[in-house]
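Just below is one structure, and these are the notes that go with it.
Keep in mind that the numbers below use all heavy atoms, side chains included, and drop hydrogens, waters and symmetry copies.
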Amino acid sequence: MATPPHTALAPWRNPALDPETRVDALIREMTLKEKAAQLFGVWVGASDEGAEVAPHQHDMEEPVDLDALLPDGLGQLTRPFGTVPVDPALGALSLMRTQARIAAANRFGIPAVAHEECLAGFAAWGATAYPVPLSWGATFDPELIREMAGAIGRDMRAVGVHQGLAPVLDVVRDARWGRVEETIGEDPYLVGTIATAYVQGLESAGIVATLKHFAGYSASRAGRNLAPVGMGPRELADVILPPFEMAVRESGVRSVMHAYTDTDGVPSAADERLLTGLLRDTWGFTGTVVADYFGIAFLKTLHGVAGSFDEAAGAALAAGVDVELPTVKAFGAPLLDAVAKGAVSEELVDRAVRRVLLQKIGLGLLDPGWSPVPSALANADTADPEVLRGTIDLDPASNRELAHRIAERAVVLLRNDGTLPLDPAAPRRIALIGPTAEAPTAVLGCYSFPVHVGGQHPDVPLGIELPTLHEALRAEFPTADIVVAPGTGIDDGATDGIPEAVALARDADLVIAALGDRAGLFGRGTSGEGCDAESLSLPGAQQQLLDALLDTGTPVISTLLAGRPYVLGRATHEAAALVQSFFPGESGTGAIASVLSGRTNPSGRLPVSVPRHPGAQPSTYLAARLGHASEVSSIDPAPAYGFGHGLTYTTFAWSGLTAEAAETPTDGTFRLSFTVENTGDRAGTEVVQLYLHDPVASVVQPVQRLIGYARLDLAVGEKRLVAVDVPADLAAFTGRDGRRVVEPGELELRFATSSTAPRLTTRVTLTGPVRHVDHHRHLHARFRTTPHTSR
């Protein structure tokens, strides 16, 4: 009997050969059908009994026959852990057994890549629910987010997952968009640095990170999900693309997901200039491009640029999409038919399968020692599944501590009249009023497992501890008498509970208003995918409740557990304090309580502006002069609290800004320094933000934009000398001819605590000729801090 190719040391299984040689040898042996099989996934759910996975019956697709598919191989397994609640150990066993079946069924022994969502932690039952990306942005702390991503990646890898569908690099352009909670903020530099750190952490654990959504998804008209995108090439080049460019250059990312939307009539899934010309030919990306779920089929069903699924397959493949997700549709029989008819070249199939197989080789899936057994089951007895139940902990104490640190650093203190911090030992009567006071899932975003999947299984336990705000406040303020009332629902508009809430508030020493969102999907929440807002007024009757509480005269501290910023009306100048938290995860209520008590000195900064008026959208701080208030419009888009804003319980003094030289060539570097001192009575963190203002340019520029930032942790009385190198490249923008340019002329560099609060400003000048730069340009200002010494 002939020896099967995968039992001998065939060239594609020989680690001594370079990956390209191995892949070329394998492709030469594969049939067209076997090659195409590597280009799609199948949506499955792991078994809670440890049996093989079962195909997921999705209402957008026909059932998949695994027995018919597997002899040709399979590219990916879609969300084995993130489709139904399953004990992690039994899910790992189910995936292990399925991978063994997949490898045994095809003649080359190639297993599948298993991918999962990991937008706010590994989206699996019982896994740690970390703060959402908008909270990552609020930390202004890339190192902390890198640490979190490493922990997420290790948990995923331990149970057999290879790829994570995160992070989101979409820059917020309209806060009414439901997926704002999934973004990192409204500034491309903040988004780029935080997202790059996340990718580095995930990739360090051996997980393939996936940049999404490439590109322009967040700029949809009117903030509607999957709506057309109308933007010019400069907005695309200078706002939308820079985070992706930074991540491709600096993170080692191995996958990119195309966006659902079309930009100026061209869907991303069929945009060869974007997915091949820019991403690969210019930026040098060498990994895989995967489809957003059903995105290839949408070329026919939603965009109308393909008349059939074989046309859709050809358009996506030609543009540079390599893998169809979540399940097989266009890249199955339609693609094979298109190749047979000569409508699609087999060379395009070979190009895509080469990228897929190179990635599988990089993951070790074609090595002779590959085993389907994940590390978490390496020493386990897998004969009896019930013995395994409960043996894998995806929410250990180390994860919870990390989640708590991130949540604490992401809490933003918007306003404080001196009421905060509260003495935890002082006896007082607190009226905790609002719809998020006793809602365990109020801290979770729409892609956290208990919301995303658990909501469809109400009889299954949450899998993790989610202390309510009420419980967290009771623990933080043990001597307080805390009375609770919802007042109203999140978005039901009910007002019949407001009189009771007002009575409790009048009889209290202090009111804590617990307001915010309910995460959900496609209209089942007030925030999340498909949960777009008509305006940025608080959902339901929450503003009416808040105003009624303010009318009582009792000091009101408003806390928000939300997925986007909201207009707060009178509270912006009448509330005793305003505390903003963006879906802070499983430890979020404890983090808020620790900020209220002063156990934590708040250090979060706004990653998105808080609007003053609900109808002044869309607006971001990155507006040009015509986007600001003027005498010729009755709408003032100025925010109540600007991007980067956040208060602390201490004070800082900034002084002594000096420039080594006030002029530098267009290929030079400005060198600046100044001193920051903690002048308050407690240790704290200052977030230094550097903004660039270009008063005269050949095309219209935003009034200012962030080009650098640094967190400074300072003890009482401590001074730090902050030295900053600012390359001229950071002044680059896309010129009239579509090329990125650095122009000579005067600039203003503003060191600030937010986009609305400059502290130290200097004017500098670029000299010499106009200079064109490309994707090799400098992307960062370099911050260095040293103990201050007298000069």
Side-chain angles (χ1 to χ4, degrees), residues 23 35-41 75-76 78 112-113 115 117 162-170 195 199 202-203 207-217 236 240-241 243-249 251-263 266-299 303 305-306 312-331 335 344-345 347-363 775:
V23 166
K35 288 186 283 191
Q38 293 297 316
L39 306 186
F40 56 74
Q76 294 228 1
T78 294
V113 167
H115 77 256
E117 298 285 357
H162 306 100
Q163 182 169 359
L165 302 188
V168 169
L169 290 85
D170 295 305
V199 173
L202 206 63
E203 291 277 356
I207 294 292
V208 175
T210 309
L211 308 182
K212 60 185 192 181
H213 308 88
F214 193 61
Y217 187 25
L236 181 70
I240 301 299
L241 294 177
F244 292 95
E245 180 184 358
M246 184 184 295
V248 168
R249 283 182 55 181
S251 71
V253 67
R254 289 180 283 174
S255 190
V256 171
M257 175 181 282
H258 76 71
Y260 278 137
T261 44
D262 72 88
T263 300
V266 181
S268 295
D271 193 343
E272 185 174 4
R273 289 184 301 175
L274 179 72
L275 300 182
T276 297
L278 179 65
L279 180 63
R280 295 190 185 278
D281 297 344
T282 300
W283 292 350
F285 176 71
T286 59
T288 57
V289 173
V290 302
D292 203 345
Y293 284 12
F294 310 106
I296 297 175
F298 285 168
L299 294 176
H303 295 297
V305 297
L317 205 60
V321 180
D322 303 310
V323 180
E324 181 178 25
L325 298 178
T327 195
V328 57
K329 184 71 172 182
F331 278 9
L335 176 59
V344 174
S345 168
E347 292 179 357
L348 288 178
V349 177
D350 289 349
R351 182 180 73 171
V353 78
R354 179 172 285 105
R355 294 165 181 163
V356 168
L357 294 175
L358 280 170
Q359 195 157 92
K360 288 193 173 186
I361 283 176
L363 290 166
H775 57 287

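Taking 4.5 Å as the limit, some side-chain heavy atom of Gln38 sits within range of a side-chain heavy atom of Leu357. Here the side chains of Val113 and Val208 are not in contact, with every heavy-atom distance at 4.5 Å or above. Looking only at side-chain heavy atoms (C-beta outward), Arg254 and Thr288 stay at 4.5 Å or farther from each other. Proximity of Leu39 to Val356: side-chain heavy atoms (C-beta onward) are separated by under 4.5 Å at one or more points. By the 4.5 Å heavy-atom criterion applied to side chains, Leu169 and Phe214 are not counted as neighbours. Between Leu165 and Met257, some side-chain heavy-atom pair lies under the 4.5 Å cut-off.
Val256 and Thr210 get closest at one heavy-atom pair: C-CG2, 4.0 Å. Summarising the geometry of Ala269 relative to Leu299, their closest heavy-atom pair is CB-CD2, 4.0 Å, with the distance given to 0.1 Å. Between Gly164 and Ile207, the shortest heavy-atom contact is N-CG2, 3.5 Å. In terms of heavy atoms, Thr78 sits closest to His115 at OG1-CE1, 3.0 Å. Closest approach of Val290 and Ser255 over heavy atoms only: CG1-OG, 3.6 Å. In terms of heavy atoms, Leu241 sits closest to Ala215 at CD2-CB, 3.8 Å.
Using a distance-only test at 3.5 Å, with no hydrogens or angles considered, a donor-acceptor pair links the side chain of Lys360 to the main chain of Gly75. A distance-only check finds a donor-acceptor pair linking the side chain of Asp271 to the backbone of Leu274 [under 3.5 Å]. A donor-acceptor contact shorter than 3.5 Å is absent between the side chain of Ser268 and the backbone of Tyr260. A distance-only check finds no donor-acceptor pair linking the side chain of Gln76 to the backbone of Val323 [under 3.5 Å]. In this structure a side-chain-to-backbone donor-acceptor pair under 3.5 Å is present from Arg280 to Gly287.
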Q.
Could you walk me through whether Val253 and Phe285 satisfy the side-chain contact (heavy atoms from CB on, under 4.5 Å) test, starting with their C-alpha distance in whole Å, then the side-chain angles of each, then the deciding distance to 0.1 Å, before giving a yes or no?
A. CA-CA 9 Å; Val253 67; Phe285 176 71; 4.2 Å; yes
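With Asp322 as the partner, the salt bridge (charged side-chain N to carboxylate O under 4.0 Å, His left out) test is satisfied by one option alone out of Arg354, Arg351, Arg355: Arg355.
Phe294 and Phe298 have tilted rings, their planes meeting at an angle from 30° to 60° on a 0 to 90° scale.
With sequence neighbours left out, Lys212 forms a salt bridge (charged side-chain N to carboxylate O under 4.0 Å, His left out) with Glu117. Taking His258 as the reference, nothing meets the ring-ring contact (aromatic ring centres under 6.0 Å, His included) condition, with sequence neighbours excluded.
No salt bridge links Glu324 with Lys329; every basic N to acidic carboxylate O contact stays at or beyond 4.0 Å.
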